[in-house]
A.B. asks: 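Okay, handing you the structure first.
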Amino acid sequence: MVRKQAKAGSSEGCEDVADEDKDARLSSLEERLRKARGDDPADSQGDGAAPDGSRSNALGIAFRIGVDLVVGAIVGAIIGYAIDGWLETKPLFLIVFLILGFAAGIRNVLREAIKLQGPDDGHA
């Protein structure tokens, strides 16, 4: 609406209003992006407590580690039980695939731990 009023006047006034409108929108966008990223100094806590995002992220990683171990063992047990039923060799393959499932779960946990540590500067 401001642009319509400025258009009725000189063209120079229209450009000023449009530039001011763009500047206001741009600063508003930058402020919203800072808040979304968590870079806003006004949102930081002065008592040294960790932000909610890092706590929930750590909790999610902990749950994922537990789930990786359990799911690997369960999948291994199911596969072993199925093969034992098919070949009638109970409990040979159940035990073998249960151990393989645990090993796969531990491998996934180690892979996640290495990923969390980030790049290693000591080894090239």
Side-chain angles (χ1 to χ4, degrees):
M1 288 188 208
V2 175
R3 288 185 189 177
K4 289 180 182 178
Q5 293 172 354
K7 284 183 182 179
S10 68
S11 63
E12 188 175 301
C14 180
E15 291 174 7
D16 291 340
V17 172
D19 287 342
E20 290 173 3
D21 187 37
K22 286 180 185 178
D23 290 340
R25 289 179 22 211
L26 184 60
S27 64
S28 172
L29 177 63
E30 288 174 353
E31 181 180 340
R32 288 183 285 161
L33 284 173
R34 265 195 313 268
K35 284 183 180 180
R37 289 183 190 139
D39 297 341
D40 191 14
D43 290 342
S44 64
Q45 299 174 353
D47 58 356
D52 291 335
S54 67
R55 176 175 277 178
S56 64
N57 189 24
L59 188 60
I61 291 169
F63 278 125
R64 180 175 175 184
I65 287 172
V67 168
D68 278 347
L69 287 172
V70 172
V71 168
I74 290 173
V75 169
I78 290 171
I79 292 171
Y81 184 78
I83 292 175
D84 277 336
W86 182 49
L87 297 177
E88 298 177 5
T89 57
K90 293 183 180 156
L92 175 68
F93 287 103
L94 175 66
I95 294 170
V96 169
F97 277 91
L98 185 63
I99 292 170
L100 288 174
F102 274 122
I106 290 171
R107 179 177 169 245
N108 287 339
V109 168
L110 289 175
R111 187 183 315 159
E112 185 68 25
I114 290 170
K115 192 184 334 178
L116 287 174
Q117 288 180 350
D120 189 12
D121 296 334
H123 303 325

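Treat the numbers as computed from the prediction; the structure is a model and nothing was measured.
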A.B. asks: Among pairs that include at least one residue of residues 61-85, which meet side-chain hydrogen bond (donor to acceptor under 3.5 Å, both in side chains), considering only residues two or more places apart or in two chains?
C.D. replies: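 Matches after skipping sequence neighbours: Arg64-Glu112, Asp84-Thr89.
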A.B. asks: Enter the distance from Ser54:OG to Leu59:CG here, rounded to the nearest 0.5 Å.
C.D. replies: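 Ser54 OG to Leu59 CG: 11.0 Å, rounded to 0.5 Å.
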A.B. asks: Rounded to the nearest 0.5 Å, what separation is found between the CZ atom of Arg34 and the CG atom of Leu29?
C.D. replies: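 If I round to the nearest 0.5 Å, the distance is 10.0 Å.
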A.B. asks: Answer with yes or no whether the hydrophobic clustering places Ile106 together with Val96; edges join I, L, V, M, F, W, Y residues whose side-chain heavy atoms lie under 4.5 Å apart.
C.D. replies: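 No.
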A.B. asks: Do the side chains of Val71 and Phe63 join up, straight or via other hydrophobic residues, at under 4.5 Å, putting them in one cluster?
C.D. replies: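 Cluster IDs for Val71 and Phe63 differ.
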A.B. asks: What about Val75 and Leu92, same hydrophobic cluster or not, with Ile/Leu/Val/Met/Phe/Trp/Tyr joined at side-chain heavy-atom distances under 4.5 Å?
C.D. replies: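 Shared cluster, yes.
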A.B. asks: Going from CD1 on Ile78 to CG on Leu98, what distance comes out if it is rounded to the nearest 0.5 angstrom?
C.D. replies: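 One finds 11.0 Å between CD1 of Ile78 and CG of Leu98.
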A.B. asks: Flag the pair Glu31 / Ser27 as yes when at least one side-chain heavy-atom distance between them is below 4.5 Å, and no otherwise.
C.D. replies: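 With C-beta onward as the side chain, the pair stays apart.
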A.B. asks: Working to the nearest 0.5 angstrom, can you tell me the gap between Leu26 CG and Asp21 CG?
C.D. replies: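 That separation rounds to 11.0 Å.
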A.B. asks: Would a single hydrophobic cluster contain both Leu69 and Leu116, if residues Ile, Leu, Val, Met, Phe, Trp and Tyr are joined by side-chain heavy-atom contacts under 4.5 Å?
C.D. replies: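 Shared cluster, yes.
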A.B. asks: Just how far is it from atom CD1 of Ile83 to atom CZ of Phe97, taken to the nearest 0.5 Å?
C.D. replies: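 Output value for this atom pair is 4.0 Å.
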A.B. asks: If hydrophobic clusters are built by linking Ile, Leu, Val, Met, Phe, Trp and Tyr wherever their side-chain heavy atoms come under 4.5 Å apart, do Phe102 and Ile95 end up in the same one?
C.D. replies: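 Different hydrophobic clusters.
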A.B. asks: Please round to the nearest 0.5 Å and tell me the distance separating atom CG of Asp23 and atom CD of Glu20.
C.D. replies: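 One finds 7.5 Å between CG of Asp23 and CD of Glu20.
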